[in-house]
Amino acid sequence: MKAALVGADGGLLHQARRPTGRERGPDAVVADILDFAAELHAHGISRYGTPAAAAGVAVPGIIDEAEGVAVYAANLGWRDIPLRALLTERLGGIPVALGHDVRTGGLAEGRIGAGHGADRFLFVALGTGIAGAIGIDGRVEAGAHGFAGEIGHIVVRPGGAPCPCGQRGCLERSASASAVSEAWAAACGDPGADAADCAKAVESGDVRARQVWQEAVDALADGVVTALTLLDPRVLIIGGGLAEAGETLFTPLREAVRRRITFQKEPSLVPAALGDTAGCLGAGLLARDLIDDDSTHLSYSSHPSEVTT
Ligand SMILES: [Zn+2]
C-alpha cells in the first residue's frame, strides 16, 4: 500500500508505504487501510496544523465509484466493502473519493503526467495483465458498470491462449509483461528469464528475442488500433513494466500502429511519466476534485496498487 499527503499545489508532501499483507485475509486488509488512512490524517494535523480537507483511495478490482463500494477484488478476496463510508467515518467525516487503481493512475498521467492535460487520452498499463483508462475532459470514464477501459480483454488472437476472464486470445495473453516473460522463458530455455531480459536480448540483436518481442508488439498494435478506432484519443500513454523497455518498445510499436491505421489519426504515443507515484497522485486528484480549488488544505491519498498490476 502506498499513501501520501498531497498539498494544495498537487505536490507530494509526505509519502508512506507498507505491505498489503493480503495473506491475512480481506478483513485485515480493510482494517489496515483504515488504520493507515487515520495515521496519515493524524500526521497531517500534527505536521501542518490543519486536517486534510478530503481523501482519495484507489483499490484494485471492480469498483462502484458512485456508491463508494469495492465490489470485488480477486487477489484481495473482498466483496462489497463500503470503503468510502468506512473511511469517511474513520477520518472524522471529511469527503472521501473511491477509485479504481489503474483508472486513478491513468487520471494522474493524463492530467499532470505524460498527457499534460490532454482533452482525450488513453492510458494503457502493461503489467501482470493489461488494463486501461479512458480520459475525457479531465476525468476518467468508468463505464456503466465500472468496467470501461479493459483493453487487456480485447480478443486479438481468436482461438488463442485461454485467459482467466474466460475468453481465448485476449490482448493480455500476448502483450502483458507476464506474457512476454513466459514466451521468452520458453524460447530461450531459461525458466527464470523475464520480459526485461527479453528486451535486453532484443537490444543485443538476438533473433529469437526479436521474434518474441515482435509478436507482442504486433498483438499490442492490434489491440491499440481497435481502441484508437473507437476512442480517437489525442495522446496514448503506455505504462507498466513492459514500458520500461523505452524505445525498444515504443519505436516498433509506433511503426506497427502506423502500418495498421487507415483513416484513424495517429495519436502521440508516449511513455508514462509518473512511475509508481501515479496512483497516489491520482487519488490526490480524486480528493482534490471533491473540494474547492482555492482551498489551502491538504488531502490524503492511498493506493494499495502493488497487489494488482
Ligand atoms: Zn481475457
Side-chain angles (χ1 to χ4, degrees), residues 2 10 12 58 101-135 138 140 149 151-152 171-172 174-181 184 194-203 209-210 212-228 231-261 264-282 285 303 305-306 308-309:
K2 297 188 279 288
L12 294 172
D101 59 350
V102 174
R103 288 198 294 268
T104 301
L107 174 69
E109 286 290 353
R111 223 196 265 182
I112 59 176
H116 301 301
D119 57 347
R120 296 285 187 285
F121 71 88
L122 176 64
F123 170 71
V124 178
L126 308 174
T128 308
I130 295 181
I134 300 164
V140 168
I151 185 173
L171 175 59
E172 73 172 38
S174 295
S176 60
S178 304
V180 173
S181 295
W184 177 234
D194 65 11
D197 298 325
C198 185
K200 281 188 210 116
V202 168
E203 287 152 19
R210 282 178 183 269
V212 166
W213 196 255
Q214 192 59 43
E215 280 172 15
V217 166
D218 284 336
L220 185 55
D222 287 337
V224 157
V225 169
T226 299
L228 300 186
L231 301 169
D232 186 22
R234 202 170 304 279
V235 182
L236 172 58
I237 306 163
I238 310 265
L242 212 58
E244 284 164 24
E247 286 307 312
T248 301
L249 176 68
F250 283 86
T251 300
L253 181 58
R254 286 190 195 100
E255 286 166 7
V257 168
R258 257 171 228 153
R259 279 199 302 274
R260 285 163 174 76
I261 56 178
Q264 303 93 332
K265 294 290 179 202
E266 184 183 344
S268 158
L269 206 164
V270 296
L274 301 174
D276 74 350
T277 60
C280 275
L281 288 166
L285 291 173
H303 181 227
S305 70
E306 57 165 336
T308 55
T309 50

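FYI, side chains are in, hydrogens and waters are out, and symmetry mates aren't considered; it's all heavy atoms of this structure.
Evaluation of the salt bridge (Lys or Arg N to Asp or Glu O under 4.0 Å) rule for E203 yields no partner, not counting sequence neighbours. Applying the salt bridge (Lys or Arg N to Asp or Glu O under 4.0 Å) criterion to D197, with sequence neighbours excluded, gives K200. The salt bridge (Lys or Arg N to Asp or Glu O under 4.0 Å) search around R260 returns D218, D222, not counting sequence neighbours. Shown here are the side chain to side chain contact (heavy atoms under 4.5 Å, CB included) partners of A118, two or more places apart in sequence or in another chain: F121, V235. Contacts of A196 classified as side chain to side chain contact (heavy atoms under 4.5 Å, CB included), with partners at least two apart in sequence or in another chain: D194. Take A219 and apply the side chain to side chain contact (heavy atoms under 4.5 Å, CB included) test, not counting sequence neighbours, and it matches V156, R157, L171, S174. For P271, the side chain to side chain contact (heavy atoms under 4.5 Å, CB included) criterion is met by F250, not counting sequence neighbours. Applying the side-chain hydrogen bond (donor to acceptor under 3.5 Å, both in side chains) rule to R258 yields the partners E266; only residues at least two apart in sequence or on another chain are considered.
Distance OG1/T277 to CD1/I112: 8.0 Å, rounded to 0.5 Å. Note that CD1 of I151 and OG1 of T226 are 7.5 Å apart. Values are rounded to the nearest 0.5 Å. The CG atom of D276 sits 10.0 Å away from the CG atom of L281 when rounded to the nearest 0.5 Å.
The minimum heavy-atom distance linking A245 with A199 is given by the pair CB-CB, 3.9 Å. Counting all heavy atoms, side chain and backbone alike, W213 lies closest to T248 at NE1-O, 2.9 Å. Residues A221 and A256 come closest through the heavy atom pair CB-CB, 3.5 Å. The two residues A278 and A108 make their nearest non-hydrogen contact at O-CB, 3.4 Å. Across all non-hydrogen atoms, the minimal contact from G132 to R103 is O-CG, 4.1 Å.
S181 contributes a side-chain N or O that, together with a main-chain N or O of A195, makes up a donor-acceptor pair within less than 3.5 Å. In this structure, Q264 contributes its side chain and D232 its backbone to no donor-acceptor pair below 3.5 Å. Between the side chain of W184 and the main chain of A201, no donor-acceptor pair closer than 3.5 Å is present.
Between T128 and S176 the shortest side-chain heavy-atom distance does not fall below 4.5 Å. Here the side chains of L242 and L220 are not in contact, with every heavy-atom distance at 4.5 Å or above. Using a 4.5 Å cut-off on side-chain heavy atoms (C-beta onward), V180 and L126 make no contact. When side chains are defined from C-beta on, L122 counts as touching I134, because their heavy atoms get closer than 4.5 Å.
A salt bridge (Lys or Arg N to Asp or Glu O under 4.0 Å) check over residues 117-128, counting only residues at least two apart or in different chains, returns the pairs D119-R234, R120-D137. Annotation: salt bridge (Lys or Arg N to Asp or Glu O under 4.0 Å) contacts involving residues 237-251, sequence neighbours excluded, comprise E247-R254.
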Apply the test side chain to side chain contact (heavy atoms under 4.5 Å, CB included) to residues F123 and L107: give CA-CA distance (whole Å), side-chain angles for both, the deciding distance (0.1 Å), then the verdict.
CA-CA 8 Å; F123 170 71; L107 174 69; over 6 Å; no

